[in-house]
Enquirer: 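There's a structure below that I have some questions on.
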Amino acid sequence: MTRAADVSVGDELPPLSLRITRADLVRYAGASGDLNPIHWSDRFATGVGLPGVIAHGMLTMGLAGRIVTEWAGDPGAVLEYGVRFGRPVPVPDDDEGALVEVTAKVTKVLDDGTFKVNVTAAFEGKSVLGGASARVRLP
(Lines give C-alpha, C1' and ligand atoms only; values in the text may rest on other atoms or scores of the structure.)
Protein backbone atom coordinates (compact mmCIF):
# COMPACT_ATOMS: atom_id res chain seq x y z
CA MET A 1 0.00 0.00 0.00
CA THR A 2 1.34 3.43 -0.95
CA ARG A 3 1.61 5.93 1.91
CA ALA A 4 1.15 9.69 1.48
CA ALA A 5 4.46 10.43 3.21
CA ASP A 6 6.27 8.48 0.48
CA VAL A 7 4.70 10.34 -2.47
CA SER A 8 5.99 13.44 -4.24
CA VAL A 9 4.76 15.47 -7.19
CA GLY A 10 6.43 14.06 -10.29
CA ASP A 11 6.43 10.45 -9.09
CA GLU A 12 5.66 8.04 -11.89
CA LEU A 13 3.46 5.04 -11.17
CA PRO A 14 4.59 1.60 -12.38
CA PRO A 15 3.43 1.27 -16.01
CA LEU A 16 0.68 -1.16 -16.95
CA SER A 17 0.31 -3.12 -20.19
CA LEU A 18 -3.22 -4.28 -20.91
CA ARG A 19 -4.41 -6.75 -23.51
CA ILE A 20 -8.04 -6.40 -24.57
CA THR A 21 -9.42 -9.36 -26.52
CA ARG A 22 -12.73 -10.07 -28.19
CA ALA A 23 -13.50 -12.40 -25.28
CA ASP A 24 -13.09 -9.40 -22.93
CA LEU A 25 -15.57 -7.47 -25.06
CA VAL A 26 -18.11 -10.29 -24.82
CA ARG A 27 -17.76 -10.47 -21.04
CA TYR A 28 -18.00 -6.69 -20.67
CA ALA A 29 -21.04 -6.50 -22.96
CA GLY A 30 -22.82 -9.10 -20.87
CA ALA A 31 -21.95 -7.45 -17.57
CA SER A 32 -22.72 -3.90 -18.69
CA GLY A 33 -25.65 -4.55 -21.00
CA ASP A 34 -23.85 -2.56 -23.75
CA LEU A 35 -24.62 -4.78 -26.72
CA ASN A 36 -23.88 -2.17 -29.40
CA PRO A 37 -22.77 -4.10 -32.52
CA ILE A 38 -19.68 -1.89 -32.97
CA HIS A 39 -18.26 -3.98 -30.12
CA TRP A 40 -18.84 -7.39 -31.72
CA SER A 41 -19.62 -7.14 -35.45
CA ASP A 42 -16.85 -6.24 -37.90
CA ARG A 43 -19.45 -5.84 -40.65
CA PHE A 44 -21.44 -3.33 -38.64
CA ALA A 45 -18.38 -1.49 -37.27
CA THR A 46 -16.80 -1.00 -40.69
CA GLY A 47 -20.21 -0.09 -42.09
CA VAL A 48 -20.34 2.94 -39.79
CA GLY A 49 -16.79 3.98 -40.62
CA LEU A 50 -14.79 2.33 -37.84
CA PRO A 51 -11.66 0.27 -38.56
CA GLY A 52 -13.38 -2.80 -37.13
CA VAL A 53 -14.73 -3.91 -33.78
CA ILE A 54 -13.69 -1.49 -31.03
CA ALA A 55 -13.41 -1.81 -27.28
CA HIS A 56 -16.08 -0.23 -25.12
CA GLY A 57 -14.89 3.18 -23.95
CA MET A 58 -15.97 2.47 -20.39
CA LEU A 59 -14.07 -0.83 -20.44
CA THR A 60 -10.93 0.96 -21.58
CA MET A 61 -11.46 3.61 -18.91
CA GLY A 62 -11.96 1.05 -16.16
CA LEU A 63 -8.96 -1.04 -17.15
CA ALA A 64 -6.71 2.04 -17.37
CA GLY A 65 -7.85 3.04 -13.87
CA ARG A 66 -6.19 -0.10 -12.53
CA ILE A 67 -2.86 1.71 -12.69
CA VAL A 68 -4.05 3.98 -9.88
CA THR A 69 -5.81 1.36 -7.77
CA GLU A 70 -2.85 -1.02 -7.93
CA TRP A 71 -0.44 1.79 -6.97
CA ALA A 72 -2.65 2.98 -4.11
CA GLY A 73 -3.18 -0.57 -2.89
CA ASP A 74 -6.86 0.09 -2.21
CA PRO A 75 -9.56 0.80 -4.82
CA GLY A 76 -11.41 2.80 -2.14
CA ALA A 77 -8.53 5.30 -2.09
CA VAL A 78 -9.65 6.60 -5.49
CA LEU A 79 -12.14 9.36 -4.71
CA GLU A 80 -12.63 10.60 -8.27
CA TYR A 81 -11.68 9.34 -11.71
CA GLY A 82 -12.62 10.88 -15.00
CA VAL A 83 -11.61 10.76 -18.66
CA ARG A 84 -12.60 12.06 -22.06
CA PHE A 85 -12.81 9.42 -24.74
CA GLY A 86 -10.41 10.17 -27.59
CA ARG A 87 -9.61 7.48 -30.12
CA PRO A 88 -11.19 4.04 -30.36
CA VAL A 89 -9.24 0.90 -29.54
CA PRO A 90 -9.72 -1.57 -32.43
CA VAL A 91 -9.69 -5.15 -31.16
CA PRO A 92 -8.64 -7.74 -33.73
CA ASP A 93 -10.28 -11.14 -33.92
CA ASP A 94 -7.24 -13.09 -32.77
CA ASP A 95 -5.74 -14.48 -29.57
CA GLU A 96 -3.59 -11.41 -28.83
CA GLY A 97 -6.13 -8.61 -28.96
CA ALA A 98 -5.20 -4.97 -28.60
CA LEU A 99 -2.32 -3.79 -26.43
CA VAL A 100 -3.01 -0.63 -24.42
CA GLU A 101 -0.04 0.90 -22.60
CA VAL A 102 -0.94 2.88 -19.47
CA THR A 103 1.29 5.30 -17.59
CA ALA A 104 0.55 7.75 -14.80
CA LYS A 105 2.20 10.50 -12.81
CA VAL A 106 1.45 12.34 -9.58
CA THR A 107 0.90 15.94 -10.68
CA LYS A 108 -0.38 17.78 -7.64
CA VAL A 109 -0.98 17.66 -3.90
CA LEU A 110 -4.39 19.23 -3.32
CA ASP A 111 -5.35 21.44 -0.40
CA ASP A 112 -7.19 18.57 1.31
CA GLY A 113 -4.08 16.36 1.25
CA THR A 114 -5.27 14.21 -1.65
CA PHE A 115 -3.16 13.63 -4.75
CA LYS A 116 -4.01 14.32 -8.38
CA VAL A 117 -2.72 11.60 -10.68
CA ASN A 118 -2.77 12.05 -14.46
CA VAL A 119 -3.24 8.87 -16.47
CA THR A 120 -2.23 8.25 -20.07
CA ALA A 121 -3.54 5.29 -22.06
CA ALA A 122 -2.15 4.68 -25.55
CA PHE A 123 -2.82 2.24 -28.35
CA GLU A 124 -0.18 2.01 -31.09
CA GLY A 125 1.50 5.09 -29.61
CA LYS A 126 -1.60 7.28 -29.78
CA SER A 127 -3.59 8.45 -26.77
CA VAL A 128 -7.04 6.90 -26.44
CA LEU A 129 -8.17 8.72 -23.29
CA GLY A 130 -7.93 12.47 -22.89
CA GLY A 131 -7.73 14.41 -19.66
CA ALA A 132 -7.68 11.21 -17.62
CA SER A 133 -7.03 11.91 -13.97
CA ALA A 134 -7.80 10.57 -10.53
CA ARG A 135 -7.95 12.09 -7.08
CA VAL A 136 -6.50 9.74 -4.48
CA ARG A 137 -6.46 9.77 -0.67
CA LEU A 138 -3.55 7.84 0.78
CA PRO A 139 -2.97 6.88 4.41
Enquirer: So do Leu18 and Arg66 actually touch side chain to side chain, heavy atoms under 4.5 Å?
Expert: yes
Enquirer: Would you say the side-chain atoms of Asp42 pair up with the backbone N or O of Gly52, donor to acceptor, closer than 3.5 Å?
Expert: no
Enquirer: Do Ile20 and Phe123 touch side chain to side chain, with heavy atoms closer than 4.5 Å?
Expert: no
Enquirer: Should we say atom CD of Glu124 is surrounded by more than 12 heavy atoms from elsewhere, each under 6.0 Å from it?
Expert: no
Enquirer: Kindly work out whether a path of hydrophobic side-chain contacts (I/L/V/M/F/W/Y, heavy atoms less than 4.5 Å apart) joins Val109 to Val136.
Expert: yes
Enquirer: How long is the straight-line distance from NE2 of His56 back to CG of Leu63, given to the nearest 0.5 Å?
Expert: 11.5 Å
Enquirer: I'd like to know if Val91 and Phe44 are part of one continuous hydrophobic network [Ile/Leu/Val/Met/Phe/Trp/Tyr, side-chain heavy atoms within less than 4.5 Å].
Expert: no
Enquirer: Would you say Ser41's side chain and Ile38's backbone share a donor-acceptor pair under 3.5 angstrom?
Expert: no
Enquirer: Give, for atom CD of Glu101 and atom OG1 of Thr120, the distance between the pair rounded to the nearest 0.5 Å.
Expert: 12.0 Å
Enquirer: Run the side chain to side chain contact (heavy atoms under 4.5 Å, CB included) check on Leu129 and Phe85 step by step: do they pass?
Expert: CA-CA 5 Å; Leu129 300 176; Phe85 299 108; 3.8 Å; yes
Enquirer: Which heavy atom of Thr2 sits nearest a heavy atom of Pro139, and at what distance?
Expert: O-CD, 3.5 Å
Enquirer: Determine, using the 4.5 Å side-chain heavy-atom cutoff (strictly less than), whether Val102 and Met58 are members of one ILVMFWY cluster.
Expert: yes
Enquirer: Of the non-hydrogen atoms in Tyr81 and Gly65, which two are nearest, and what is the gap between them?
Expert: OH-N, 3.2 Å
Enquirer: Look up atom CD1 in Ile54 and atom CG in Asn36, then write down how far apart they are to the nearest 0.5 Å.
Expert: 8.0 Å
Enquirer: If we ignore hydrogens and angles and just use 3.5 Å, is the side chain of Arg87 paired with the main-chain N or O of Ser127 as donor and acceptor?
Expert: yes
Enquirer: Is the count of non-hydrogen atoms from other residues, nucleotides or ligands lying under 6.0 Å from Asp95 atom CG greater than 12?
Expert: no
Enquirer: Between NZ of Lys108 and CZ of Arg135, what distance do you get to the nearest 0.5 Å?
Expert: 12.0 Å
Enquirer: Hey, could you give me the CG/NE2 distance between Asp24 and His39, rounded to the nearest 0.5 Å?
Expert: 13.5 Å
Enquirer: Kindly give the heavy-atom pair with the smallest separation between Ala64 and Val119, and that separation in Å.
Expert: O-CG1, 4.2 Å
Enquirer: What's the separation between atom OG in Ser133 and atom NZ in Lys105, rounded to the nearest 0.5 Å?
Expert: 14.5 Å
Enquirer: Between the main-chain N or O of Leu35 and the side-chain N or O of Trp40, is there a donor-acceptor pair closer than 3.5 Å?
Expert: yes
Enquirer: Mind listing the closest non-hydrogen atom pair of Met61 and Gly82 along with its distance?
Expert: CE-CA, 4.2 Å
Enquirer: Checking side-chain contact (heavy atoms from CB on, under 4.5 Å) between Val117 and each of Val68, Ile67, Val7, which is the one that passes?
Expert: Val68
Enquirer: Answer yes or no: is there a side-chain heavy-atom contact under 4.5 Å between Glu12 and Thr103?
Expert: no
Enquirer: To check you understand the geometry: which heavy-atom pair defines the closest contact between Pro92 and Ala98, and what is its length?
Expert: CD-N, 4.0 Å
Enquirer: Just wondering, do Leu99 and Ser17 contact through their side chains at under 4.5 Å, heavy atoms?
Expert: yes
Enquirer: What do the steps show when you test Leu59 against Leu25 for side chain to side chain contact (heavy atoms under 4.5 Å, CB included), and what is the final call?
Expert: CA-CA 8 Å; Leu59 173 61; Leu25 301 185; 3.8 Å; yes
Enquirer: Could you go step by step and tell me if Trp71 and Leu138 meet the side chain to side chain contact (heavy atoms under 4.5 Å, CB included) rule?
Expert: CA-CA 10 Å; Trp71 168 75; Leu138 298 171; 3.7 Å; yes
Enquirer: What are the two closest non-hydrogen atoms of Val128 and Pro88, and how far apart are they?
Expert: CG1-O, 4.2 Å
Enquirer: Run the side chain to side chain contact (heavy atoms under 4.5 Å, CB included) test on Leu13 and Val106 for me, step by step, so that the C-alpha distance in whole Å, both residues' side-chain angles and the decisive distance to 0.1 Å come before the verdict.
Expert: CA-CA 8 Å; Leu13 282 59; Val106 177; 4.1 Å; yes
Enquirer: May I ask you to decide if Ala55's main-chain N or O and Tyr28's side chain share a donor-acceptor pair within less than 3.5 Å?
Expert: no
